[in-house]
Number of protein chains: 2
Amino acid sequence: MRRQVDGRKVRGEKRRTEIIEATLRVIERDGVAGVTHRTVAKEAGVPTTSTTYHFASLDDLLIATLIDCARDMATEVYWMIDRARSRGSRGAEEVAGLLAEALGPRRGRTMAEYELYLLAARRPELRPAARRWLDVLTSMVRHDDEVAFRVFLAGIDGLLIQGLIDDEPPTAEELRPVVDYLLKPR
Amino acid sequence: MRRQVDGRKVRGEKRRTEIIEATLRVIERDGVAGVTHRTVAKEAGVPTTSTTYHFASLDDLLIATLIDCARDMATEVYWMIDRARSRGSRGAEEVAGLLAEALGPRRGRTMAEYELYLLAARRPELRPAARRWLDVLTSMVRHDDEVAFRVFLAGIDGLLIQGLIDDEPPTAEELRPVVDYLLKPR
DNA sequence: CTACTAGTGGGACTATCGTTCAGATACTCT
DNA sequence: AGAGTATCTGAACGATAGTCCCACTAGTAG
């Protein structure tokens, strides 16, 4: 009985996950505006009705995508930090590298994340998921000073969103002094 | 001849302006996703085709709205700064008050601005308009140190966007120490 | 007065949207 | 093997989207 339910759930969850990942790809490519049952289904290579079967509405799909996205990002960033720390780099370098990567190769993903982030401003139910991003950042630096830490958090988000409207993404080297200043105690 | 052209243009421009303002109200209320020819027309109290007459496409309408929005915001903030300075307040107080107002009574407008801001990330043609917001901030504080100023800019945008996913908007008093720290030289 | 043009307004066409529904399929348990 | 249930899918419906078309008004130039 348990095995049955779990086995089915696993299959169902797999399809569900595929749809969520396809949704994220669509958002990366065309933005939230490009998300429809049909575009997502085509991207995932599944029939249209599959998206309506697994998600009661498009809203549910977007919400699930944001939650999944935040979770993904959390684990990725954790891993990246771990890798950086194992190479003995310090905080500022990690952060600068992270920002450069988010604005360079992962630019589409970053845009998607901020679109979903902003979606949370209008829908209270997915604010907890959006705030998880702040939790990730919280784990990146020690914060004895609450105010300094709040400034750091704001600075990261600001640098990212401003980097998105730059014509060419800033490099880690360019970002480095800004992050240094941001982390410097006063 | 000149009078004729101008007279007609004025009439046309007026309608055009009404449509743009209606578009902004729609975005404030329902987000960019809620913008259609029909919702905008209804909001503006004009027939549907009037929006297609004055704007070749919905894209044109959104672009025009962002540009207008950035210009509006620029003049408003300039005025706000001027008023604050005439009362002899200092930089940090101005900024904290501005943020509190943007996240409190003007929350819908701030959301709209950031949605359009993020739209600029996908459409290079309206990045200049989006960057005008940074120009406004540039005029608010002296910036001898380029890096410090960049941190300040990022901090403001970060505080705003994070304030949007807070359940209750922070007050100017709560913001004050953060802004103080942000402006403190090191 | 007549011709002309920018602007206005209503209606309709076509595409696409979200969603529903009934039938097919695959898997589990007895 | 057969029943039962979760999962999947193709077709279709009604609603709504963007856009086009044509008639109409107002105001100017000749």
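Note that these values count all heavy atoms, side chains included, but never hydrogens, waters or copies made by symmetry. Letters A, B, ... mirror the listed sequences (proteins, then strands); counts begin at 1.
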Report yes if a donor N or O on one partner sits less than 3.5 Å from an acceptor N or O on the other, where the partners are the side chain of B:T49 and the base of C:dG9; otherwise report no.
-> yes
Using a cut-off of 4.0 Å on non-hydrogen atoms, how would the nucleic acid contact of A:T36 be classed: base, sugar-phosphate, or nothing?
-> sugar-phosphate
Please give, in whole Å, the distance from C:dT20 P to A:F55 CZ?
-> 16 Å
Given B:V26, which of B:V32, B:T65, B:T39 fulfils the side-chain contact (heavy atoms from CB on, under 4.5 Å) condition?
-> B:T39
Separation of D:dG27 C1' from B:K14 NZ (nearest whole Å) = 16 Å
May I have the step-by-step check of side-chain hydrogen bond (donor to acceptor under 3.5 Å, both in side chains) for A:Y181 and B:D145, ending in yes or no?
-> CA-CA 11 Å; A:Y181 188 91; B:D145 183 349; 4.7 Å; no
Round to the nearest Å and state the distance from B:E13 atom CD to C:dT8 atom C1'.
-> 16 Å
Ignoring the backbone of B:T48, work out which of D:dT19, C:dT19, D:dT9 is nearest its side chain.
-> D:dT19
Considering only side-chain heavy atoms of B:S57, which listed nucleotide, C:dT19, D:dT19, D:dC8, is closest?
-> D:dT19
Nearest-nucleotide check on DNA chain D, B:T39 vs A:T52; residue mapping nearer the 5' end is A:T52
Counting only side-chain N and O atoms of B:H54, is one of them less than 4.0 Å from OP1 or OP2 of C:dA6?
-> no
Which of A:L24, A:L58, A:T51 passes side-chain contact (heavy atoms from CB on, under 4.5 Å) with A:V35? Answer is A:L58
Separation of D:dT9 atom C1' from A:I19 atom CD1, nearest Å, is 12 Å
Out of D:dT7, C:dC17, C:dT19, whichever nucleotide has its closest atom nearest the side chain of A:Y53 = D:dT7
The side chain of A:R38 lies closest to which of these nucleotides: C:dT8, C:dC17, D:dT9?
-> C:dC17
Answer whether the closest heavy-atom distance between the side chains of A:R107 and A:E28 falls below 4.5 Å.
-> no
Figure out the NZ/C1' separation between A:K42 and D:dT9, and round it to whole Å.
-> 17 Å
Heavy atoms, side chains only, cut-off 4.5 Å: are B:Y117 and A:L118 in contact?
-> no
Rounded to whole angstrom units, what separation is found between the CZ atom of A:R16 and the P atom of D:dA6?
-> 16 Å
Base, sugar-phosphate, or nothing for A:V35, non-hydrogen atoms under 4.0 angstrom?
-> sugar-phosphate
Against the side chain of B:H37, the closest entry in C:dG9, D:dG18, D:dT9 is D:dG18
